[in-house]
Every structure is written in structure tokens, then in C-alpha cells.
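Residue numbers start from 1 in every chain, and the chains themselves are labelled A, B, ... in the order their sequence lines are given, proteins ahead of strands.
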Amino acid sequence: MIDIRQLRKDPQAVKDLMARRNKPDLVDQLDRAERLDIRLRDITAERDDIRRQVNELSKQVATLRRSGDDKAAESVMTESRALGDREDALAEEFAQASETLRQALLMIPNLPHPEAVLGGGDHDNPVRKGPINMPAEFADHQRVPHWETGEQLGILDNERAVKISGAMFTMQRGAGATLARALCQFALDMNADAFEEVRPPSLVTTATLTATGQLPKFADDAYSIERDDLWCIPTAESSLTSIHAGEVLNEAELPKRYMAHTSCYRREAGSAGRDTRGMLRAHEFDKVEILAVTTPEQAEETLNDLLVRVERAINALGLPYRIIEICTGDMGQSHHRSYDVEVYSPGADTWLEVSSVSWFSDYQARRADIRFKRQGQKGTEIAHTLNASALAVPRVWAAILENFRQADGSVVVPAALHPYMRGITVIKGN
RNA sequence: GGAACGGUGGCAGAGUGGACAAUCGCAUCCGCCUUGAAAGCGGAAGGCUCAAAAGGCCCGGGGGUUCGAAUCCCUCCCGUUCCGCCA
């Protein structure tokens with residue numbers, strides 16, 4: 001959520017920042033929230049005044065009762081009862097108005113960073129670095145889509161995955177399954193120097209999925225288990241962010257850094273018919289996520305660190321990659337500033353997004369109520385959260401199959417993965 | 001799933017209709033003492049809301065009874081233990 005106090009204090013500044021997202025409707029939403037907030041404060045003031053009177057009268061009753069003056073007490077009680085009726089009416093109006101405002105605020109996206117590049121959509125995302133590891137040209141044997149290679153080598157069996165679970169599910173087998181797992185272990189080991197490994201729950205509550213911004217707006221994208229009021233996580237970000245939900249942390253313990261390997265579940269409701277072959281888009285996939293909870297001052301440096309870490313892993317695999325910045329018009333709802341790391345797929349002749357490195361400012365932390373206390377200062381402050389996919393398995397798996405395919409149809413496994421491959425250095429057909 | 005007992009500030013733990021935002025302890029902060037620290041002594045300090053003061057709100061969530069609820073009632077959630085079931 002955005003900070004309602006900021007909107008109250010300087011509405012124009014907030015609207016100007018929001019306008020950078022290039023969606024006029026968003027400014028209207030801010031106007032509406034502003035009006036609701038004013039109304040709510042009026043109700044609050046009146047209700048609090050009545051409460052004050054009732055509290056005062058109640059004390060009088062107690063005093064009168066103690067002194068034995070029951071008659072006077074009765075009369076005060078009558079007066080107080082009348083105020084109580086009025087308070088009930090105001091309380092109801094308050095509850096309604098605050099719920100309306102809360103719902104409105106939950107739908108409003110984060111304010112972009114003032115230096116985030118302006119743009120209208122993904123076509124405006126500038127390349128910030130790269131391409132790196134890009135050969136002058138690709139050989140014909142590299143121009144084979146990974147799903148063909150995967151089938152030829154017997155390591156990708158999507159046909160049976162569909163039999164088991166339906167369209168858009170995948171299944172890796174043999175060395176393919178080993179490769180998928182190796183990628184996860186590799187990514188975890190790359191970040192173990194600074195991140196605590198966590199194995200969080202994959203099914204989470206509505207509150208948890210609301211904290212990171214998936215709900216209520218993007219409910220259609222997530223799998224829900226209605227009978228138990230749970231949701232399948234679309235990313236470990238959801239679980240990891242809520243580790244400290246409702247907590248007050250000490251400034252000294254920040255940044256908190258976590259990493260997790262989990263399966264991720266996405267309905268891909270808006271993508272029906274797209275990327276239906278291979279591993280590029282699936283309802284279930286594995287990913288290693290790295291996440292940090294920081295002070296506002298630590299956030300920018302942490303963002304850079306996350307980006308460096310993602311880049312280091314991709315680079316260590318020897319894949320061609322580039323880094324793009326996400327412009328204001330293409331940023332996700334919770335994002336304050338973000339970068340994508342893309343890997344080149346010679347088989348499909350396209351760049352694949354393999355990681356999104358994101359700074360959420362206090363947007364998610366406010367929803368999750370993650371606060372911290374500064375040493376020697378009164379009060380608390382909302383923390384910042386950031387995260388990145390340290391490695392998303394399917395697209396990296398696909399890129400390896402294409403980039404490292406040999407003329408004989410085999411695939412050379414990057415050296416960085418050898419420790420995890422049980423001795424397999426080249427994936428050959430059966 | 002059944003039963004019993006619980007849920008109170010950063011932690012621990014009293015309080016069972018009114019003087020309770022809530023005893024005491026630990027941890028925290030500030031003084032004194034000390035070369036410095038610890039110990040000891042004295043003091044300060046919960047969170048949220050409002051520009052702030054006043055005020056209001058907060059004892060797991062929600063609802064109710066009452067002039068007045070941490071305290072009584074209803075309901076939901078969570079925890080512990082036992083039983084059942086199960087990997």
C-alpha cells in the first residue's frame with residue numbers, strides 16, 4: 001500500500017509520481033482515496049468526541065456509586081445511554097468508510113522511484129547492460145528449440161505431463177530432472193554466503209498473498225484451495241515476505257536476507273495459447289528466490305547486490321544475457337524500481353526473462369506490517385522489501401539446451417553445474 | 001476429528017466488571033559509581049491514530065451484554081497436552 005499520510009500531506013506530489021506510470025486512471029483512484037480519507041477523518045473526530053464524553057460520564061457513575069448516590073448515578077447513566085446510540089450510528093459509518101478506503105488502497109499500485117525510466121510499455125525498457133557472452137553468430141545446431149532437443153534426448157516428457165495434469169504442465173526426466181535440480185542447488189550455493197536458506201510453506205493464507213500484492217487484484221492468476229481458504233504460492237516471495245509479517249524488528253538485525261527453493265504455481269490466466277510448447281511457460285515450475293528486508297537507507301545498495309548476484313549466476317553458466325531496466329509503464333503493481341535479466345534463446349531467437357530484480361519500497365511491508373525500530377528513537381518505521389529470482393529453472397534449463405547443443409545433438413553441461421550432476425558432463429541420447 | 005487448558009507490551013508473566021495502558025521481572029535507554037566495562041544504585045520508556053496538543057483506539061480476530069469490559073456471553077482463528085487418524 002502507498003502511504004496515506006503522504007497522500008494527505010502532499011497529494012500533488014504523489015499524483016505526479018503516480019502519473020509517471022502512464023495510466024490516467026491511477027490518478028483518479030488517488031483522488032478517490034483522498035476524498036474517502038477526508039470523510040473518514042471527519043467521522044473519526046466526531047466519534048472520538050462522543051467516546052470522550054461517554055468515558056467521562058462513566059467515571060462519574062463510578063464515583064457516584066461509590067458515594068452511594070444512586071439516584072444521581074441513574075441520571076448520568078440515562079444521559080450516557082443517549083450518547084451511546086449516537087456513537088453506534090457513527091461507529092457503523094466509520095466501519096463502512098474505513099473498509100471502503102482499505103479496499104481502494106489495496107488496488108492502488110506502488111509509486112515508482114523518481115529516477116525510474118519513463119515509458120509506456122515493455123517496448124520502452126532500456127537495455128542497461130549487455131549482451132554478454134553473445135557469440136558473433138550461432139551455429140545451425142544451436143538453432144533448435146529446446147523442446148525438440150529435450151524430446152530427442154529423452155529428458156523432457158511433456159506429453160505425459162499433460163496426461164497426468166493437463167496442458168501447460170511439464171516433466172523432466174533422467175539427466176533433465178537432474179539438471180533442473182542442479183540449477184537450484186547451484187543457485188542456493190551461490191548465495192549461501194549472505195542468505196539464510198528457508199523451506200517455507202507452499203500453501204499460504206489470503207493475508208499472506210495480499211501482503212505481496214497478488215491479492216486482491218490478481219486473484220485469477222493464482223490457484224486457490226477454497227475448501228481450506230489457502231492459495232498456492234506463485235513465487236516464494238509471498239511466503240518469505242510474510243516471515244516477519246506483524247513484527248517489529250531491530251534496526252541492528254537488518255537487512256534480513258532469505259533464500260528459498262520452492263515450486264511456484266501460476267494459472268497463467270491471461271496467457272492462454274502463448275508459449276504452449278516446451279518449458280517457457282508452465283503452471284508449475286521451480287525457482288530459487290532471494291529476498292531482503294531492509295531499512296530505507298539500505299534498500300538501494302541491496303537492490304544492486306541482488307542484481308549482481310543474479311548476473312553472477314547466469315554468467316557463471318556461460319549463457320548469453322543482458323540486463324534491462326523496467327520502465328514506469330511496464331512496472332508491476334508492487335514495484336518501486338526493477339530490472340530484468342534476460343537470457344538469449346537461439347532456438348526461438350528471442351530473449352527470455354529469467355529473473356526480475358525488484359525493490360518494493362515500503363509497499364509490501366506496509367501491507368504485511370513489517371516494521372523496525374531505530375536504535376535510541378521512539379516509534380517504529382515501515383521496512384523496505386526487495387527480491388529477485390536467483391534462478392528460475394525452466395527458462396534457464398531451456399537456454400542451456402539450446403546454447404550448449406552440439407552438432408551431434410548432445411548438450412554440454414556448464415562446468416559450474418558439474419558438482420551437482422552426478423558425473424554427467426554431457427547429456428546424450430539413449 | 002474429539003477433549004482439556006491457554007492466547008495480555010520486545011520477552012516472560014500477574015490481573016477475572018469501575019481508581020488498569022495494565023503489578024513484578026528480564027531485556028532496552030539515560031544518569032551516578034568506575035581508568036573503561038560489568039555489578040550495584042537512581043531514573044525513563046508500550047503500540048496505533050491525528051500536523052500537533054487534547055482526545056480516541058489497542059489485552060488473538062469479530063460480534064454482543066453494560067453507563068462502563070483485559071475481566072461476562074457468543075463466534076471464529078491460533079497454540080499446548082491427551083485421544084483418534086495418518087506419512
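Annotation: R422(A), atom CZ; neighbour count of heavy atoms from other residues, nucleotides and ligands within 6.0 Å does not exceed 12.
Using P as the reference atom, A21(B) and A69(B) are 12 Å apart when rounded to the nearest Å. Spacing between G64(B) and U81(B) at atom P, rounded to whole Å, works out to 35 Å. Rounded to a whole angstrom, the distance from the C1' atom of C26(B) to that of G9(B) is 13 Å. Distance noted for atom C1' between U34(B) and G40(B): 11 Å (whole Å). Spacing of P atoms, C77(B) relative to A70(B), comes out at 24 Å, to the nearest Å. A51(B) and G6(B) have their P atoms separated by 43 Å, given to the nearest Å. Comparing the same atom, C1', in A14(B) and in U23(B) gives a spacing of 6 Å after rounding to whole Å. Comparing the same atom, C1', in U66(B) and in A54(B) gives a spacing of 27 Å after rounding to whole Å.
You'll find that the side chain of V61(A) is closest to G18(B), out of C48(B), G55(B), G18(B). Between C50(B), G47(B), G18(B), one nucleotide has an atom nearer to the side chain of R65(A) than all others, and that is G18(B). Here G56(B) is the nucleotide among C67(B), G47(B), G56(B) with the atom lying nearest to any side-chain atom of R52(A). Picking from C57(B), G18(B), G55(B) the nucleotide with the shortest atom distance to the side chain of R51(A) gives C57(B). For V54(A), the listed nucleotide lying nearest its side chain is C67(B); candidates were C67(B), U49(B), G55(B). Minimum atom distance to the side chain of D48(A) is reached by G56(B), of the listed G56(B), C50(B), C67(B). Taking only side-chain atoms of R8(A), from C-beta outward, the nucleotide of G18(B), C50(B), G55(B) with the closest atom is C50(B).
Residue N55(A) has a polar side-chain atom (N or O) positioned under 4.0 Å from OP1 or OP2 of G56(B). At C48(B), one or more side-chain N or O atoms of T380(A) fall inside 4.0 Å of OP1 or OP2 (strictly under the cut-off). Proximity of R81(A) to the phosphate of U66(B): no side-chain N or O atom is located under 4.0 Å from OP1 or OP2.
In this structure, CZ of R366(A) is placed 14 Å from C1' of C48(B), rounded to the nearest angstrom. Atom NE2 of H244(A) is separated from atom C1' of G10(B) by 14 Å (rounded to the nearest Å). Straight-line distance from the CG atom of D369(A) to the P atom of C58(B): 17 Å, rounded to whole Å. I382(A) places its CD1 atom 11 Å from the C1' atom of C48(B), with the value rounded to the nearest Å. R371(A) has its CZ atom 12 Å from the C1' atom of U49(B), to the nearest Å. In this structure, CG of L64(A) is placed 15 Å from P of C67(B), rounded to the nearest angstrom. If you measure from atom NZ of K59(A) to atom P of A21(B), you get 7 Å, rounded to the nearest angstrom. G9(B) atom P lies 16 Å from atom CG of N250(A), rounded to whole Å.
Distance alone, capped at 3.5 Å, is enough to place a donor-acceptor pair between the R266(A) side chain and the P234(A) backbone. At distances below 3.5 Å, not a single donor-acceptor pair connects side-chain atoms of K373(A) with backbone N or O atoms of E381(A). For the pair D157(A) (side chain) and R160(A) (backbone), a donor-acceptor distance under 3.5 Å is present.
Donor-acceptor pairing under 3.5 Å, judged by distance alone, is absent between the side chain of D49(A) and the base of G55(B).
Where K373(A) and E56(A) meet RNA chain B, the nucleotide closest to each residue was compared, and K373(A) sits on the side nearer the 5' end. Each of R41(A) and E381(A) was assigned the nucleotide of RNA chain B with the nearest heavy atom; the assignment lying further toward the 5' end belongs to E381(A).
With a 3.5 Å ceiling on both atom-pair distances, C85(B) lacks any Watson-Crick or G-U wobble partner. With both pairing distances under 3.5 Å, G36(B) is matched to nothing as a Watson-Crick or G-U wobble pair. The nucleotide C29(B) finds its pairing partner in G43(B), both defining distances of the Watson-Crick or G-U wobble pair being shorter than 3.5 Å. A4(B) is paired with U80(B) under the Watson-Crick or G-U wobble criterion, all donor-acceptor distances under 3.5 Å. With a cut-off of 3.5 Å on both Watson-Crick or G-U wobble distances, the partner of A69(B) is given as none.
Looking only at atom types and distance, the side chain of R199(A) has a donor-acceptor partner in the side chain of S202(A) under 3.5 Å away. Side-chain atoms of S345(A) and E402(A) form a donor-acceptor pair, as typed in the model, at a separation below 3.5 Å. One side chain, Q53(A) or D49(A), offers a donor N or O that lies under 3.5 Å from an acceptor on the other.
If you check every strand for non-hydrogen atoms under 4.0 Å, S80(A) touches sugar and phosphate atoms only.
For the side chain to side chain contact (heavy atoms under 4.5 Å, CB included) test with Q172(A), the passing option among L179(A), T178(A), V393(A), L156(A) is L156(A); the others fail.
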